[in-house]
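All heavy atoms count here, side chains included; hydrogens, waters and symmetry mates do not. Throughout, protein chains are lettered first and strands after them, A, B, ... in sequence-line order, and every chain is numbered starting at 1.
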Protein chains: 2
Amino acid sequence: MAGRAAVPEVIWSRPERTGRGPRPAYTRADIAAAAVRIADAEGLDAVTMRRVAGELGCGTMSLYNYVPRKEDLYELMMDAVSGEHELWEPSGDWRADMIRVAHQTRALMHRHTWLPRLMSPVYGFSPNALRYLEHCLSCLDPFQAPYGTKMELVAMVNGVVTTYVGNEIATAERTRSLPWSADEENAARIAYLGRQVASGAYPRLAASFAEDAGPIDLEGVFERALTRVLDGFG
Amino acid sequence: MAGRAAVPEVIWSRPERTGRGPRPAYTRADIAAAAVRIADAEGLDAVTMRRVAGELGCGTMSLYNYVPRKEDLYELMMDAVSGEHELWEPSGDWRADMIRVAHQTRALMHRHTWLPRLMSPVYGFSPNALRYLEHCLSCLDPFQAPYGTKMELVAMVNGVVTTYVGNEIATAERTRSLPWSADEENAARIAYLGRQVASGAYPRLAASFAEDAGPIDLEGVFERALTRVLDGFG
DNA sequence: CCTAGTTACGTACAACGTACGTAGTGCGCT
DNA sequence: AGCGCACTACGTACGTTGTACGTAACTAGG
């Protein structure tokens, strides 16, 4: 209980290599890549300390030389995939650039479906996150506003992307894991809700479900949400 | 492996009481209340099957007669606190009503700080969730738009509230669990980021942090985000 | 009344994060 | 040059988790 971390212990503040002792067998990039590979292939829940160590080919407890807590492993994973962001020269049209950023982030999250779950609490300040943030701010150079407003815009766009793609992924995984089609799922949901709604206590809900019977166009929903958020910033 | 649930197994579709066998010692409301009490007092991670059973005064495995999986216990918790929503007669000004809804949900989440974590994947269709949804739609009666648009508005407001209050809570819990003040926290973060920014690779980030040195007004951020979202809907 | 379905609960298991102890290794200092 | 210490590596072990399973008691429907 004595000398254990009287400091935030952000992993990015501790150096990867101190110079003393034998050279580490793996880099942080190696570890992050292994964890990302597992998460992409088998889901986030398959990312355990034992499994990652096995993927690297070392003992379980050796991982703790690189990563003090599992939470920091998650941090490494988020930073690794944040490096996949393509950073272009701003076009001069900040609105178009932010839409492009949002679509790219959405694609990134669909490539790594575990990302929304890790991002939803709060995203930190990893190296690649800083580069991404700086790029967003550079896209917003033509947007006449104090930096506080620009940061709020970036946070809002990121929040909306995380929320909506998280929903898309949850929906997709539910329909994939279950042994029936999306239409049947939809029908079953209508059937259950129909029973609730039949009581007459929810007339507007009933009208809503009667209005749009088909499956929801998730991409369209995302696009409209994004447009509305940007509209709110004028 | 044979007869185990070839159906979604939404907990709300199974009756609370079938009539056969001894009468259950507890109601779903009892169980939900116990779990909520624990989560409010000791955090969501303290809500384990053993702990809830202990709070009720029954054996651990007896809980599984009421709740097939832990996920369903979460569902019960969300429904229970959703019942705390105050549902008023719509004022005729849908914008004002939605702002009131959002503030009330925010207050609810601050009262039950584990809510954003449970809501972020997707919120289901529990009885009280349906009542809440119907209330939102009734507030939107003066809003001339198809129900699809109204549903998107409600979803967006809920998403923003969840995201932002989730951030507020994460920030608050970080400063509470750590043995230094918010100012020191802020200073430490500036110090760490300052080191990164000092390289000169992030000029706009540097300018941003130079601009607003004080602590962030989270309530103001929330208020502005909400206003902007509603502005996006005209 | 009987029997089938339900409740109650103790035992048990696999999997998790990780504390701890020990052995080996190589940089920095004297 | 060589000593020492900080670091790496890793096996063992502990506490905790969700929950499968078996058994005993009980109550409504035929």
Quick check: closest heavy atoms across A:Gly59 and A:Ala53, and the distance to 0.1 Å?
O-CB, 3.6 Å

For B:Ser120, side chain to side chain donor-acceptor pair (under 3.5 Å) partners two or more places apart:
none

Under the rule for side chain to side chain donor-acceptor pair (under 3.5 Å), what residues qualify as partners of A:Thr162, not counting sequence neighbours?
none

Neighbour count >12 (heavy atoms, 6.0 Å) for atom CZ, A:Arg17:
yes

Looking at DNA chain C, which of residues 28-40 of chain A put a heavy atom within less than 4.0 Å of it?
none

Whole Å only: how far is the CE atom of B:Met61 from the C1' atom of D:dC21?
8 Å

Can you name the salt bridge (charged side-chain N to carboxylate O under 4.0 Å, His left out) partners of A:Arg37, sequence neighbours left out?
A:Glu55

Partner set under ring pair (Phe, Tyr, Trp, His ring centres under 6.0 Å) for B:Tyr74, not counting sequence neighbours:
none

Rounded distance in Å - CD (B:Glu16) to P (C:dT7):
11 Å

Flag yes if more than 12 heavy atoms outside B:Arg204 fall under 6.0 Å of its CZ atom; otherwise flag no.
yes

In the 5'-to-3' direction, what one-character label does each nucleotide of nucleotides 22-30 of chain C receive under the scheme B = base within less than 4.0 Å of a protein heavy atom, S = sugar-phosphate only, - = no such atom?
--BBSBS--

Run the ring pair (Phe, Tyr, Trp, His ring centres under 6.0 Å) test against B:Tyr66 and tell me which residues pass, sequence neighbours left out.
none

Carboxylate-amine/guanidinium contact B:Asp45 B:Arg117, below 4.0 Å:
yes

Could you list the donor-acceptor pairs under 3.5 angstrom formed by side chains in residues 109-116 of chain B, with sequence neighbours left out?
from, atom 1, to, atom 2, distance (Å)
B:His110, NE2, B:Glu168, OE1, 2.6
B:Arg111, NE, B:Glu84, OE1, 3.3
B:Arg111, NH2, B:Glu84, OE1, 3.0
B:His112, ND1, B:Asp40, OD1, 2.8
B:His112, ND1, B:Asp40, OD2, 3.0
B:His112, NE2, B:Glu84, OE1, 3.1
B:His112, NE2, B:Glu84, OE2, 2.9
B:Trp114, NE1, B:Asp40, OD1, 2.8

The criterion is side chain to side chain donor-acceptor pair (under 3.5 Å); which residues satisfy it with B:Thr27, sequence neighbours excluded?
B:Asp30

Regarding A:Tyr66, tell me which of base, sugar-phosphate or nothing describes its non-hydrogen contacts under 4.0 Å with the strands shown.
sugar-phosphate

Would you call A:Arg28 and A:Glu75 a salt bridge, using N to O less than 4.0 angstrom?
no

Can you tell me if B:Ser62 touches the phosphate of C:dT7, counting only side-chain N or O atoms and a distance under 4.0 Å to OP1 or OP2?
no

Between C1' on D:dT8 and OH on A:Tyr26, what's the gap in Å once rounded to a whole number?
11 Å

Here DNA chain C, pairs taken as Watson-Crick or G-U under 3.5 Å and shown with ( ), [ ] when crossing and | when to another strand, reads |.||.|||||||||||||||||||||||||

Contacts of B:His103 that satisfy ring pair (Phe, Tyr, Trp, His ring centres under 6.0 Å) - sequence neighbours left out:
B:Phe222

Grab the N/O contacts between the protein and nucleotides 15-18 of chain D below 3.5 Å, and write none if there aren't any.
from, atom 1, to, atom 2, distance (Å)
D:dG18, OP1, B:Lys70, NZ, 2.6
D:dG18, OP2, B:Met49, N, 3.2
D:dG18, N7, B:Arg50, NH2, 2.6
D:dG18, O6, B:Arg50, NH2, 2.9

For atom CG of A:Leu73 and atom C1' of C:dG17, their distance in whole Å
12 Å

